[in-house]
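Worksheet: the structure to be examined is printed underneath.
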Amino acid sequence: MCSSSLCLPEGVPDAERVEILNAAGESIPIRLMVFNWNAAELLSTIAKLLIEEALGFRAVFDDYRPEANMEVVLGLSGCLDRDCNNMQMSNKHVALDVWLGSAGADVELFMQKHASQAPQDLGSIGYAGEEALCVAETLLDEAYEVSGFSLDYYRSYNTSHYNAKQHFDMWTDVPPEDLFLCNETGVIWTDTTYMGEYGRWSGDLEGLVAVDGGYHARCPEGRFWIAPACRHNSLECIPIISTQWGWMVDAYMAWSSAYGLPTAIGIARTIPLWAKSFGSLRVLAYWYRPDPSLAPWNPQPIVFPRHRAGEWAEGNKRTAGIGTYIGKLVSRDLRSQASKVHGLLGNMKMELTEMEVLLVEAESGSMREAACSWIAANRQRWRSWLPKDTSCIPGFGLVNASGSYMASRSDAVACSICPSGKFSKSLIDESGQTFTCTSCSAGTSRGQAGETYCTDCEPGTVATTNGLSACQLCPFGSYANVSRMTTCYECGVGIQWTTSRLGELHGEEVWIEVEGAPSESFCHCRPGWFLHKGTCLQCVEGAVCPGSSTLTLLPGFFSSEDQPSSIFRCHGNEGRCPGGVPGTCAPGRDVASVACSTCLPGLHGNGAGCKPCEGLDYLLFAFIACLVLVGTGLLHLLLLHWDSQNRRKEHTNSSLLLAGIYTTQLVSCLQLLVMLQGIDIVWGEPFVSLLRAISILSLEDIFRLVNAVSCATPPTPTVVFLVQTVGMPACFMVGPVVIHLARIVCLRNRRHKTLQRHVLFQTIGTLSVLFFILLCNAVVKPFQCHKHPNGLFTMQSAIGALCDFTGDHFDLCVLGSVLVVLPSGFIALCSWLILVEFPRRLRSSDLEFIRMCSFLIRRFRPGCESFGIFLLVRNALFAIAPALPSANASLLLIHVVLGLHIVLLALLKPWRSPHASFADILCSSVFLVILFQGGLFVTYVDTVSSMVLCSLLLVAVLVCLVIVASIALAQHAFAGMTKRFHFFLCHHKQMSGSLARLLKMEMQLRGSDVFLDADDLTDLTQLLPVVAEHVDTMLIVATNRLIARKWCLAEIVTARMNNVSTVLLTLPDFFPPSDHFIKAFETSTTDMSDLAVHGFSMADIGDTLRWLRTVKHLALPSPYALMAEMDEIMNQLVPASKMHPTSAAESDCKILANQDDVEAIATAHVLRHVLYPHTLHLFGILPVVLQATDNVNMQHSNMLLMVCTPDCLTASCMVKWILQAWHAASACRILPILGDEQFIIPTSSAAFEKLGQHPDIKDHPNASQYLKVLAALFMQIAVYFWPKSYSESALGLKAKQVAHRLEEERTTSLSLLLAMSWFTSQQSIKLDASDELEEAEREMAKDHETSSNENRAEQDECPNQELPTYVAEALQEDMIEEMIS
């Protein structure tokens, strides 16, 4: 008997039992998984007691009681699913009474698929399990006595032979709650594998329900499957009760269908309910041995046809079952964790009858008591199961006391698992069989502990020494082509060799480096190297060397077959080079050319490839040539027509000119985009497509478009360069020249023919400006080279020409250096025209020159003509930028130039239209943004060249700052040594104010700084100090009332006392002061107290008047040739070249002034000076001042400006001009200009009658018509223009107002004025004197208001231009002047 705590008196107590270590190093007990039937629990109890008390290990039962074999297999393996996709560390070790014979294909498949994780089967438990369909012995006897039929034979149940149903209960008698539902998960009814096999072999699809993935059993009543034999009447079915998840139900279904058995099959929820059903009801039931559950009713198995193992293996279970193999499963790690337990379980065997007796005994007691009784009664038997200390099992070997492995039992004391690198070798001696651990020989290995053999090293692996746990993979670049090798063969010499194979990554084939190459075929060059003539060469840019020993060119790159490593980038059109195998070009391309640059003979370029030359190519050449010639010729004809017709209408000319400006900006922008393609920037889509579309504007693309040239004979790079730089620009010039010469020939017999050379110059200049960027870019093409991956350089414009300064490239460089003269000469010519000639010709009113240069001038507003030179220089720098050594240096230069361009645009607004300036700023800003983004995609960054350029820019800025600072310091240092003004104009404002203003303008044009009180005097107290300290020469404009003004005397006295050089310019009414006059002046009572404060006495004034007779005299004898005499006077004062003014006939803007009045003529010329920038800007003409002998051309439209001064309306010249204008009234516009404060506009009948009584008017034959014209003229609002009082800036604003008034929309023609005049109206009546006076007063009030508004507007525009105090005081000295006179 067993004690209360131990079955064996000598058993190991609980406190002394040890635990095993799991893979994590944790101490755990040996855990047994126990099925939920009695036989499994009894065997597990016996094993647990022996493990604990005989071997001294702690053991426990697992809490979960599995029902299916697969649950045990997964638990022991650590897999969470049948595919072992998810695993955990298993702490379960043993499972006994495992019915592996009926486990099904899923368990066998798992054991084969996951052999390294699957549990180990230690063999049979000692007997085979039996399963059958059984009938109770009482029913068997009853049927035999009644009918003689034996119910233990399957044929007795066939309804065609016997109604066996009479001996059984109805299936409805079985309590439904005791049975599983057919659709419950976890029972055999819903297992698609078993049901699918049944349907496959029986064909009984009516008994099944189709579901996703297969079939489920069809149970009409919900809990019983009805066999086909009684499906028509289920009440005739004999009930069969199975248990657990449906043991042998699939076989019962197969038997029922195959042999016509009328059955209704159900599954009891538990084993007790299964046993209860068999004991209390007359039913058939599943029965297995060993099990005591049905033993009280002595069940008898029903005999079916002999078992056919082949059919059962295929799933056809219509034959009888056989005894089922019952095994013992342990985890894979148990041998190493507890070898004695492993040996005990491997030797453990029981007998079937012995188990049945023990199970019956356990029914009356407990499992532990039954197990203890058996252990106590069978000591010798189970002791034989215990392994000896030196009887090692396979996988273990003999060890001595120190743990060293031994080769014999002599010194061995125990067994230990053989570690990796050793195998368990059998040893038979006098004590029987045992095992020793022996090291694996070289060429073999053993990776796992506890193995019984060593494996040969597979090809690709080697074992260089004995005792290796794993064969070593051959490293990269070596291979082992047979098994059991000890060393690897090298693929080649050098680290560039490797071993690789073709694999797949993300759906793409890739070459993957592998270790352990099994053959020489795995030897390849490393990724980044390729094999050429037996040597691995390094891969370069433009190619892919994936590790297959081959070189694959990327699209856009080319190399020849002979030199695959010399790779060229196919710049321009990358489609020429499709990539792939070296020596591959697009169809039609010559593979012998550099980067597939040329076509094969007889072909011409067609996108990426080439196609045969056709007649259409020559037609295209002729069409383009004609288009260029005709287009440029028509442009010139159009300009000739406009010039001949003399179109000056503002709404027409201005619109066309603005359209031309915007067109110029558009063409420049497009050419800049073409230039961007020369910079090594990797542009992406869709921007690169836009660039390619715009590239048609480049000369080389235009040349490529002409296929006839390459079809006739492939041109050399030198010929192509000359055609692009000289030939093609010349083609654009041929059309205008031919048209112009043809016109001259056609008009040679005409009387009034004009050569219009200025129009030809204008046309050629316009074309030159338009294509200037392309010309500059073409000239520097030989110096623009692309760098290729092989280190060579080729020209951007001719990919086939190497940039090596030899051969064609040397010739191109020489030609380019020579042809630089073209753009540089054009810049020099334009600079000379604008900076030198234009101001001089403008002063001389050379209208033909100005029209000739209109392509440079008229695009810009007045004063900003030189901006055109900056644009040419800017465009030249843009063209040079791509020729710099690196892309980032090119971008830096363009950034600097564009930034400067935007700053100048913002400061100057140089374009003729403000909107054009804003558009240019916007375009330049967009270009900057594009370039900033492009800088992120530069292919190669040359730090050296970029830093050099940055350094040059920084040095330039520093040098400029130093120069500016030095100039400022020099000006400060030499301020006292130089005078601020070259001339000081001393004049009587009322008598010679306009003449003084004209003198200042003429002197300024000659580069002199002139002091004029209306412009430069802001503080009267500083007047005399300026004369004394800051003036080189005083020019006295001598009139008869000059010395009557005390401040003029003060200026002259100051000049004499400070030795200021003085020149006296005398007018006809001036007489030098006589001694009598000087004496009378000194004794007069004139108040000179204001001058006394400056230290002047009357004696000083007298001495000055006498001195005045000794200074240099220049005479201005008469007003009729004022400008000619003015030129001679200016040449004596400030020498300059002779000017040739435009004649009156050459200008349609004429200024009319009284030729008898010097001030009037001076006012007219001042108006001409300040007006010409605006008329040139608006109309493209220059104003001229008519002389007395000139006439108003009655055949052409005229814009006449009538300068109104005292007595001008009675001047004979004015009468003549007004009447001439009357004859051309329909095409003539006259605007009155009030040039003197003393002029009074005649506004009443009385005033005109008085004017008509003047002797010079009264006797004139057209006096009445003259008066009518005057009356019509003064219906307009006159413009005030007072050179005597206004500052220069105010005069400029007045001139701008006059120019805008001359526009057709703002000025009425003379004919229309005459039609509106009340002098010519048929409906007018003569006003009486009072009405006439009131009307005159209203007109004067209106004029006064208008004048006030204009003055206020002028003051708003020029708030600082107020009349000097000196002028106000001078106006108050009339009384003193009258007394002296």
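Here the structure is a predicted model, which is why all the values come from computation and not from measurement.
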Checklist line | CD-CG distance between Q300 and L139, expressed to the nearest 0.5 angstrom | finding: 11.5 Å
Notebook entry, point to check: Does the pair R218 and L208 meet the rule for a side-chain contact (heavy atoms from CB on, under 4.5 Å), with working shown?
Noted result: CA-CA 5 Å; R218 182 191 299 275; L208 301 175; 5.6 Å; no
Check: Do N158 and S160 have side-chain N/O donor and acceptor atoms under 3.5 Å apart?
Finding: yes
Next item on the list: Measure from the side-chain N and O atoms of S124 to the backbone N and O of G126, and report whether any donor-acceptor pair falls under 3.5 Å.
Entry: yes
Check: What's the shortest heavy-atom distance between P299 and C134, and which atoms?
Finding: CB-SG, 3.6 Å
Checklist line | Full working for ring-ring contact (aromatic ring centres under 6.0 Å, His included) between F57 and H93 | finding: CA-CA 13 Å; F57 290 92; H93 308 95; over 10 Å; no
Notebook entry, point to check: Should the pair R446 and Y453 be classed as cation-pi, given the thresholds of under 6.0 Å to the six-membered ring centre and 45° from the axis?
Noted result: yes
Checklist line | SB check E311 K317 (cutoff 4.0 Å) | finding: no
Item checked: Y194 vs W245, ring-ring contact (aromatic ring centres under 6.0 Å, His included): CA-CA, chis, key distance, verdict -> CA-CA 12 Å; Y194 287 99; W245 74 293; 5.4 Å; yes
Margin query: Classify the ring geometry of H114 against F110: parallel below 30°, tilted from 30° to 60°, perpendicular beyond 60°.
Written below: tilted
Item checked: Residues E71 and N69: side-chain donor-acceptor under 3.5 angstrom -> no
Margin query: Would you compute the distance between atom CG of D178 and atom CG of L273 and round it to the nearest 0.5 angstrom?
Written below: 4.5 Å
Check: Among N316, D250, T193, D204, which one satisfies side chain to side chain donor-acceptor pair (under 3.5 Å) with Y198?
Finding: D204
Note to self: Would you compute the distance between atom CD1 of I375 and atom SG of C7 and round it to the nearest 0.5 angstrom?
What the structure shows: 5.0 Å
Check: Just checking, any donor-acceptor pair under 3.5 angstrom between side chains of Y325 and D121?
Finding: yes
Next item on the list: Return the orientation label for the W374 and W385 ring planes: parallel under 30°, perpendicular over 60°, tilted otherwise.
Entry: parallel
Notebook entry, point to check: Considering all heavy atoms of both residues, which atom of L74 and which atom of D81 are nearest to each other, and what is their separation?
Noted result: CD2-O, 3.6 Å
Next item on the list: Without swapping roles, check the side chain of S90 against the backbone of G75 for a donor-acceptor pair under 3.5 Å.
Entry: yes
Next item on the list: Check for a donor-acceptor pair, side chain of R223 on one end and backbone N or O of P176 on the other, with a separation under 3.5 Å.
Entry: yes
Notebook entry, point to check: Can you tell me how far the OG atom of S242 sits from the CD1 atom of I267, to the nearest 0.5 Å?
Noted result: 6.0 Å
Notebook entry, point to check: Does atom CZ of R155 have more than 12 heavy-atom neighbours, drawn from other residues, nucleotides or ligands, at distances under 6.0 Å?
Noted result: no
Check: Are the ring centres of W274 and W247 closer than 6.0 Å?
Finding: no
Notebook entry, point to check: Checking ring-ring contact (aromatic ring centres under 6.0 Å, His included) for the pair F304/W255: CA distance, chi angles, key distance, verdict?
Noted result: CA-CA 8 Å; F304 284 92; W255 294 340; 4.0 Å; yes
Next item on the list: Answer yes if the side chains of T190 and E184 hold a donor-acceptor pair under 3.5 Å, and no otherwise.
Entry: no
Checklist line | N/O donor-acceptor pair under 3.5 Å between K328 side chain and M348 backbone | finding: yes
Check: Looking at the rings of H161 and Y153, which for Trp means the six-membered one, are their centres under 6.0 Å apart?
Finding: no
Next item on the list: Please test F168 against Y157 for side-chain contact (heavy atoms from CB on, under 4.5 Å), starting from the C-alpha separation and ending with a verdict.
Entry: CA-CA 11 Å; F168 295 92; Y157 293 92; 3.9 Å; yes
Next item on the list: Using distance alone, with no hydrogens and no angle criterion, decide if T319 and W312 have a side-chain donor and acceptor under 3.5 Å apart.
Entry: yes
Notebook entry, point to check: To the nearest 0.5 Å, what is the distance between CZ (R231) and CD (E206)?
Noted result: 6.0 Å
Check: Going by atom types only, do Y288 and E130 share a side-chain donor-acceptor pair under 3.5 Å?
Finding: no
Margin query: Under 3.5 Å, is there a donor on one side chain and an acceptor on the other for Q337 and N22?
Written below: no
Next item on the list: Ignoring hydrogens and angles, tell me if any N or O in the side chain of S424 forms a donor-acceptor pair with the backbone of F396 under 3.5 Å.
Entry: yes
Checklist line | Distance-only polar pair, side chains of N91 and E26, donor-acceptor under 3.5 Å | finding: no
Margin query: Testing the basics here: between K92 and S331, what is the closest heavy-atom pair and its distance to 0.1 Å?
Written below: O-CB, 3.7 Å
Margin query: Let me confirm one number: the CG-CD1 distance from L96 to I46, rounded to the nearest 0.5 Å.
Written below: 9.5 Å
Margin query: Has S426 got a side-chain atom pairing as donor or acceptor with F435's backbone, closer than 3.5 angstrom?
Written below: no
Checklist line | NZ/NE/NH1/NH2 to OD/OE distance under 4.0 Å, E53 and K48 | finding: no
Check: If you measure only the distance, is there a donor-acceptor pair under 3.5 Å linking the side chains of E236 and N233?
Finding: yes
